[in-house]
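Comments concern the structure below.
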Number of protein chains: 2
Amino acid sequence: MKKPDKRGDILQAALELIAAQGFHGAPMSEIAAKAGVAAGTIYRYFSNKDDLIAEIYQTLEETMIEAILEESSGGRPVRERFLALQRVSIKYFIAHPLHFRFMEQFFNSPYGDKMRRDNLLGKPGKNNLLIGIFSEGLAQRILKDFPLPIIFSLATGPMMFMMRDHVFGFITLDDALVERTTEACWDAIRR
Amino acid sequence: MKKPDKRGDILQAALELIAAQGFHGAPMSEIAAKAGVAAGTIYRYFSNKDDLIAEIYQTLEETMIEAILEESSGGRPVRERFLALQRVSIKYFIAHPLHFRFMEQFFNSPYGDKMRRDNLLGKPGKNNLLIGIFSEGLAQRILKDFPLPIIFSLATGPMMFMMRDHVFGFITLDDALVERTTEACWDAIRR
DNA sequence: TCGGGATGAATGAACGTTCATTCAAGACGG
DNA sequence: CCGTCTTGAATGAACGTTCATTCATCCCGA
């Protein structure tokens with residue numbers, strides 16, 4: 001009758017608790033309770049809490065990349081590709097606020113710090129797309145002559161802040177607003 | 001010979017530990033050790049850890065506002081006032097990376113969440129300056145017609161991201177770069 | 001000698017993690 | 001087809017650790 005996907009239940013419960021309360025508002029005991037499982041059962045599927053968290057992250061990253069990649073049209077101009085990617089990213093997060101909150105928590109934690117350092121060495125994921133677009137824009141002198149991380153900050157920083165305001169209900173990002181803010185970010189980086 | 005300012009020592013030790021390791025890498029016992037004080041002594045000056053943290057926040061906020069307010073030239077054009085304020089904010093954080101790291105931790109925690117909600121009701125601090133400038137820019141139709149929180153995100157988001165990259169050593173923000181990134185933010189919000 | 005500041009061992013709560021035990025469901029021999 | 005054995009997922013009480021916080025005691029200047 002039911003599908004006893006305990007592993008999935010645990011992942012989902014942990015995601016929801018962490019997104020809502022942060023890593024420290026999500027003790028294993030509560031995750032277990034929310035998943036309808038005993039505390040010890042979690043360790044049948046994950047070797048420890050860090051492992052559980054890392055697995056959530058990887059799952060989300062894959063899902064996001066998949067959702068965003070579809071929108072990645074190849075040969076179009078840099079501007080259009082940037083706008084499309086930015087737009088679809090924002091819309092993904094609006095549609096999946098839990099994912100956004102989790103990612104936010106994740107990147108503002110020791111986990112995220114380590115990941116940042118790793119990414120320096122260049123084995124990134126979704127960022128590859130943006131980096132590719134930016135590199136091309138830089139080469140074509142369409143973008144301001146900034147180091148990549150700065151272009152990245154100019155484009156991504158506002159998005160994260162706006163998403164947070166949206167998730168917390170301080171603003172409401174409708175389609176029109178998404179479009180206009182995306183273009184505002186383009187104004188910041190375009191030459 | 002020395003000044004036995006235990007209270008100040010405790011605040012400073014806590015600031016340094018929290019900035020470097022986060023709230024959870026800063027147990028009271030270590031704060032006490034670093035301040036050259038016994039664990040129990042902290043409770044003579046602060047009623048609990050939350051109180052200690054809140055006090056650090058308030059101290060930093062006051063210090064920052066004071067440092068930034070000096071730069072607040074009154075009657076100049078909106079653009080110049082924005083650039084000056086942004087510039088001086090970035091430079092303040094570059095000069096005080098501990099303050100930046102603490103603020104970052106603070107705002108990405110339950111403490112910061114509560115503060116955000118409070119700020120909605122409008123008893124803010126340094127933000128007042130920015131809000132004043134933005135309101136004026138909006139009224140004069142110099143800025144794009146966005147809700148205030150979005151203008152805020154467009155201006156502040158990149159700064160925070162860049163500061164983090166700078167503090168972590170991924171980029172180096174020299175004067176020239178600060179100037180140019182500040183203008184890039186202006187491009188994002190100006191009409 | 002007196003009194004408040006300082007001490008740090010003690011306390012108890014909150015966690016992550018472990019492990020002895022349970023038990024439903026398949027395997028198997030007769 | 002039945003009864004018994006085996007398996008391993010699931011359980012949750014218990015453990016060890018980490019902390020914030022307390023308080024009996026000590027220290028020291030006046």
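Naming convention: chains lettered A, B, ... in sequence-line order (proteins, then strands); numbering from 1 in each chain.
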Rounded to whole Å, please give me the gap between [atom1] in [X] and [atom2] in [N].
{"X": "A/Asp9", "N": "D/dA9", "atom1": "CG", "atom2": "P", "result": "17 Å"}
{"X": "A/Arg44", "N": "C/dA20", "atom1": "CZ", "atom2": "P", "result": "13 Å"}
{"X": "B/Lys6", "N": "C/dG8", "atom1": "NZ", "atom2": "P", "result": "10 Å"}
{"X": "B/Ile42", "N": "D/dA20", "atom1": "CD1", "atom2": "P", "result": "9 Å"}

Taking all atoms of both residues into account, what is the closest heavy-atom pair of A/Ile94 and A/Pro97, and its distance?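 In this case the closest contact between A/Ile94 and A/Pro97 is O-CD, 3.6 Å.
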Listed partners of [X] passing side-chain hydrogen bond (donor to acceptor under 3.5 Å, both in side chains), at least two apart:
{"X": "A/Gln12", "result": "A/Glu16"}
{"X": "A/His99", "result": "A/Tyr92"}
{"X": "A/Glu179", "result": "A/Arg87"}

Mind checking whether B/Tyr57 and B/Phe107 have parallel, tilted or perpendicular rings, split at 30° and 60°?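 Ring orientation, 0 to 90° scale: perpendicular.
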Identify whether any heavy atom of B/Tyr45 sits under 4.0 Å from a base atom; if not, whether one sits that close to sugar-phosphate; answer base, sugar-phosphate or nothing. sugar-phosphate
Axis deviation across the helix from C/dT1-D/dA30 to C/dG30-D/dC1, five-pair ends, to the nearest 10°: 20°
Could you tell me whether B/Lys144 and A/Asp187 make a salt bridge, using a distance below 4.0 angstrom between a side-chain N and a carboxylate O? yes
Scan residues 42-56 of chain A for pairs that pass salt bridge (charged side-chain N to carboxylate O under 4.0 Å, His left out), counting only residues two or more places apart or in two chains. A/Arg7-A/Glu55
Taking the side chain as every heavy atom from C-beta outward, state whether A/Arg79 and A/Ile142 have any atom pair closer than 4.5 Å. no
Please write out the pairs of protein N or O atoms and N or O atoms of nucleotides 14-19 of chain C separated by less than 3.5 Å, giving the distance to one decimal.
residue: C/dG16; atom: OP1; partner: A/Lys49; partner atom: NZ; Å: 2.6
residue: C/dG16; atom: OP2; partner: A/Met28; partner atom: N; Å: 2.6
residue: C/dT17; atom: OP2; partner: A/Tyr43; partner atom: OH; Å: 2.7
residue: C/dT17; atom: OP2; partner: A/Lys49; partner atom: N; Å: 2.9
residue: C/dT17; atom: O5'; partner: A/Tyr43; partner atom: OH; Å: 3.3

